[in-house]
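Structure first, commentary second.
Because only heavy atoms are used, hydrogens play no part in the values below, and waters and symmetry mates are left out as well, while side chains stay in.
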Amino acid sequence: QVQMVESGGGLVQAGGSLRLSCAASGRTSTIYGTGWFRQAPGKGRELLAAISRSGSSTYYADSVKGRFTISRDNAKNTVYLQMNSLKPEDTAVYSCAVQTRIVSLDYTGGYLNWGQGTQVTVSS
């Protein structure tokens, strides 16, 4: 099994930036893709960005395209989410999860082993 731990959340003003980290441990060799999700109060979980194991393929939701960048450091078993030009509507709990089989990165049903999440709050 794979365990995920997110970090890097916090309080930031609108227009600011944050970088989130998602560290994997355990059977990391089984990871094919890693995705970043968020869930705001009263809303469903949204897939924001995902990256393949090699880093050669990425996916971005329209809501974050051009503002967020996903990357990975396989030597550290860590995936990052660089978030720029943050807006108050980006306020949510951000979490990561992995795909352990080869499916499309935007197939949300393929993700498992969720982390505990990290809170991001953007003030106006």
Qualifying salt bridge (charged side-chain N to carboxylate O under 4.0 Å, His left out) pairs, either residue in residues 31-56, two or more places apart: Arg38-Glu46, Arg38-Asp90
Summary of salt bridge (charged side-chain N to carboxylate O under 4.0 Å, His left out) pairs that have at least one residue in residues 5-30, sequence neighbours excluded: none
Donor-acceptor pair, [X] side chain versus [Y] backbone, under 3.5 Å?
| X | Y | result |
| --- | --- | --- |
| Ser56 | Ser54 | no |
| Thr91 | Val122 | yes |
| Arg72 | Gly55 | no |

As an exercise, state the distance from [atom1] of [X] to [atom2] of [Y], rounded to the nearest 0.5 Å.
| X | Y | atom1 | atom2 | result |
| --- | --- | --- | --- | --- |
| Phe68 | Ser85 | CZ | OG | 9.0 Å |
| Lys87 | Ser124 | NZ | OG | 14.0 Å |
| Leu81 | Thr34 | CG | OG1 | 12.0 Å |
| Ile70 | Cys96 | CD1 | SG | 9.0 Å |
| Leu20 | Trp36 | CG | CH2 | 4.5 Å |
| Leu48 | Tyr60 | CG | OH | 11.0 Å |

Name each donor-acceptor pair under 3.5 Å that joins a side chain in residues 101-115 to protein atoms two or more places apart or in another chain, with its distance.
| from | atom 1 | to | atom 2 | distance (Å) |
| --- | --- | --- | --- | --- |
| Ser104 | OG | Asp106 | OD1 | 2.4 |
| Tyr111 | OH | Leu105 | O | 2.6 |

Nearest non-hydrogen partners of Thr118 and Gly9, listed with the distance: OG1-N, 3.1 Å
Exercise: identify the closest heavy-atom pair between Leu86 and Leu18: CD1-N, 3.9 Å
Given the rule that I, L, V, M, F, W and Y join up when any side-chain heavy atoms are under 4.5 Å apart, are [X] and [Y] in one cluster?
| X | Y | result |
| --- | --- | --- |
| Tyr94 | Ile51 | yes |
| Val12 | Val64 | yes |
| Met4 | Val120 | no |

Other residues, nucleotides, ligands: >12 heavy atoms within 6.0 Å of Gln116 CD: yes
Ser17 and its side-chain contact (heavy atoms from CB on, under 4.5 Å) partner, picked from Met83, Arg67, Gln82: Gln82
